[in-house]
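Encoded as structure tokens, the structure appears first; notes follow it.
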Amino acid sequence: MGLFVNFFSASVVSALFSWMLLPKILQICMIKGLFDSHDERKIHSGVVPRLGGVAFFPALLFTFLVILSINLLLKTSLVSSVNISLYTELMLALSAILLIYFTGVGDDLVNIRYRTKLMIQIVAGILFTSSGIWINNLYGLFGLNEIDAAIGIPLTVVVIVFIINSINFIDGVDGLAAGIGMFAFLCYGFIFLYMQLYVYSLLAFSSFGVLIPFFYYNVFGKENKGTKIFMGDSGSLTIGMLLSVFAVKVCHYNPDSLYQLPQSMVFAFSVLLVPMFDALRVALFRVYTGKSPFKPDKNHIHHQFLQLGFSHKSIMLMILTIVVFLGTGSILLAPYVDINLLLGLIIVLWAGMDIYLRMKIKHVAQPVPAKSRRIIKQVQLPNKPINNFIK
């Protein structure tokens with residue numbers, strides 16, 4: 001029971017801390033004129049502050065360290081099995097997250113070049129993998145199991161960078177990135193609870209709580225009342241780094257663990273399928289058309305729904321439904337379906353959905369044929385008073 005009290009307290013305290021910080025950040029943004037820029041790819045109107053993500057890491061870190069310290073002082077079951085290597089992992093993970101957080105804040109304030117951000121993300125990935133946590137087993141994916149460090153460590157850094165950018169890319173509709181983050185953090189919290197990695201579970205539930213107040217301000221805030229705010233890169237990059245740390249930790253094979261999941265690869269990445277698949281599709285399309293994979297455009301899944309005329313809230317709910325469906329479906333099927341067959345099924349479903357959306361968009365955007373326009377023009381009433389027309 002004590003564990004659940006800790007996890008519930010972590011969610012509540014981080015949510016309260018975040019709730020206290022966000023109005024202050026809104027006020028500072030209004031005074032200093034720190035608003036989200038408008039360009040051809042932006043889909044919002046009005047003046048909206050963009051520094052909501054500044055509240056994430058301070059609220060998370062405060063909550064995590066305070067509750068962890070209380071448990072250490074009381075010597076509770078949450079920290080009874082913790083060893084020095086786990087603390088080393090956490091310190092390096094938090095250091096990597098802090099580096100990404102400062103990068104996001106800097107980008108929100110002065111616009112950092114994407115090459116610089118990419119290099120910092122690689123450094124953060126290397127920093128975390130130096131703790132000894134990396135993807136060392138593919139659990140049968142492509143017929144591979146244990147892999148050598150010379151392959152696994154670079155692969156892990158690439159995966160970390162990819163997850164960070166996939167969350168950053170999908171942050172284009174109110175509540176979408178925050179909603180995906182909340183669902184993923186909640187899932188990771190329970191996965192770590194099963195694996196008896198209680199400190200990681202505490203960090204996941206603290207991360208979940210941080211996003212609750214932001215989700216409210218982002219989705220239900222009003223631009224004309226100054227209560228709406230975006231997370232900015234300080235938020236999306238931080239969430240992405242947190243999720244990549246959790247995914248790699250779940251995926252890392254530990255032969256000494258009694259609670260190692262045989263389907264760890266599926267559990268690690270199933271909740272991130274939508275942002276990862278969307279980012280991969282868009283990046284490949286950009287490369288195919290001769291553009292940089294980091295050059296922003298309007299080809300993401302939320303842009304497709306926007307072209308079909310759906311509102312922000314409808315798009316957010318539909319995509320979150322897809323996230324939950326693919327995530328929970330993959331986890332439930334993992335014990336019974338081969339991982340390669342499961343991946344193939346997901347690819348087919350995703351490709352089918354993408355083709356369907358493109359066909360719908362093409363149909364909606366299809367111009368009226370010239371013959372039809374002539375017919376429409378002929379049946380229009382003349383621009384005369386109705387009495388004259390009757391005469």
Side-chain angles (χ1 to χ4, degrees), residues 37 39-43 100 103-104 107 111-126 129 135 138 141-142 144 147 150-173 176-177 180 233 236-237 239-241 243-244 247-248 251 265 268-308 315 319 322-323 326 340 343-362 365:
S37 60
D39 56 41
E40 69 278 1
R41 68 185 181 88
K42 298 290 184 178
I43 54 178
I100 293 297
T103 303
D107 191 47
N111 291 325
I112 300 174
R113 291 171 61 86
Y114 77 85
R115 289 187 180 88
T116 304
K117 288 192 290 185
L118 180 62
M119 290 304 300
I120 295 173
Q121 291 167 11
I122 292 172
V123 171
I126 294 171
T129 55
I135 300 173
L138 296 184
L141 184 65
F142 308 126
L144 300 173
I147 55 177
I151 298 174
I153 292 176
L155 173 65
T156 304
V157 174
V158 170
V159 168
I160 289 173
V161 172
F162 183 65
I163 292 175
I164 292 172
N165 285 285
S166 68
I167 299 299
N168 182 244
F169 287 169
I170 209 165
D171 180 30
V173 171
L176 183 53
I180 292 173
D233 277 11
S236 60
L237 295 181
I239 292 173
M241 187 65 211
L243 291 173
S244 66
V248 172
C251 195
M265 180 66 72
F269 297 104
S270 60
V271 295
L272 303 176
L273 286 173
V274 169
M276 291 179 71
F277 270 60
D278 183 59
L280 181 61
R281 177 184 61 83
V282 172
L284 290 175
F285 180 77
R286 290 171 184 171
V287 172
Y288 176 75
T289 54
K291 299 177 182 177
S292 166
F294 296 97
K295 184 177 177 60
D297 56 27
K298 286 188 174 183
N299 289 314
H300 291 283
I301 185 173
H302 51 274
H303 291 125
Q304 291 179 315
F305 282 114
L306 279 168
Q307 291 179 62
L308 292 174
I315 294 169
I319 297 179
I322 297 171
V323 170
L326 287 179
N340 295 288
L343 177 61
L345 177 62
I346 293 169
I347 291 173
V348 169
L349 288 173
W350 184 267
M353 182 183 68
D354 183 60
I355 293 170
Y356 175 76
L357 288 175
R358 289 182 181 277
M359 289 176 62
K360 292 288 289 184
I361 291 169
K362 187 177 180 180

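Quantities reported herein were computed from a predicted structural model and do not represent experimental measurements.
- Closest of all the heavy-atom pairs between Gly152 and Ile147 is CA-CD1, 3.8 Å.
- A donor and an acceptor atom, one from each side chain of Asp354 and Gln304, are located under 3.5 Å apart.
- With a 6.0 Å radius and a threshold of 12 heavy atoms from other residues, nucleotides or ligands, Met119 has its CE atom at or below the threshold.
- Note that CG of Leu138 is 6.5 Å distant from CG of Leu155, once rounded to the nearest 0.5 Å.
- Remark: Ser270 pairs with no residue by the side-chain hydrogen bond (donor to acceptor under 3.5 Å, both in side chains) rule, at least two apart or across chains.
- The distance from the CG atom of Asn111 to the OG1 atom of Thr116 is 12.0 Å, given to the nearest 0.5 Å.
- Taking both residues in full, the closest heavy atoms of Val271 and Val323 are given as O-CG1, 4.0 Å, listed atom of the first, atom of the second, then distance.
- Under the 3.5 Å distance criterion, the side-chain polar atoms of Ser166 are left unmatched by any main-chain donor or acceptor of Ala279.
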Checklist entry - Which is it for Ile322 and Met353 under the side-chain contact (heavy atoms from CB on, under 4.5 Å) test, yes or no, and what are the steps along the way? => result CA-CA 10 Å; Ile322 297 171; Met353 182 183 68; 3.6 Å; yes
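- The distance from the CD1 atom of Ile112 to the CG atom of Asp107 is 5.0 Å, given to the nearest 0.5 Å.
- Screening residues 273-282 for side-chain hydrogen bond (donor to acceptor under 3.5 Å, both in side chains), with sequence neighbours left out, gives Asp278-Arg281, Asp278-His300.
- By the side-chain contact (heavy atoms from CB on, under 4.5 Å) test, Leu118 is found to be paired with Gln121, Ile122, Val161, Phe294, residues two or more places apart in sequence or in another chain being considered.
- A 4.5 Å side-chain heavy-atom check between Val159 and Phe269 finds at least one atom pair inside the cut-off.
- Minimum heavy-atom separation, Ile164 to Ser244: CG1-OG, 4.5 Å.
- Note: Met265 CE to Cys251 SG = 3.5 Å, rounded to the nearest 0.5 Å.
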Item to check | side-chain contact (heavy atoms from CB on, under 4.5 Å) evaluation trace for Leu176 with Asp171 | outcome: CA-CA 6 Å; Leu176 183 53; Asp171 180 30; over 6 Å; no
Checklist entry - When you look at Leu273 and Trp350, which way does the side-chain contact (heavy atoms from CB on, under 4.5 Å) test go after all the steps? => result CA-CA 10 Å; Leu273 286 173; Trp350 184 267; over 6 Å; no
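- To the nearest 0.5 Å, atom CZ of residue Arg286 and atom NZ of residue Lys291 are 8.5 Å apart.
- No option in Ile163, Thr156, Val158 other than Thr156 meets the side-chain contact (heavy atoms from CB on, under 4.5 Å) test with Ile160.
- Closest of all the heavy-atom pairs between Ile301 and Ile170 is CG2-CD1, 4.5 Å.
- Taking each heavy atom of Leu357 and Phe305 in turn, the nearest pair found is CD2-CE2, 3.8 Å.
- Contact detail for Asn299 and Val282: the closest heavy-atom pair is O-CG2, 3.6 Å.
- Shown are Thr103, Asn168, Asp233; of these, the side chain to side chain donor-acceptor pair (under 3.5 Å) with Lys117 is made only by Asp233.
- Ile153 CD1 to Ile126 CD1: the interatomic distance, rounded to the nearest 0.5 Å, is 10.0 Å.
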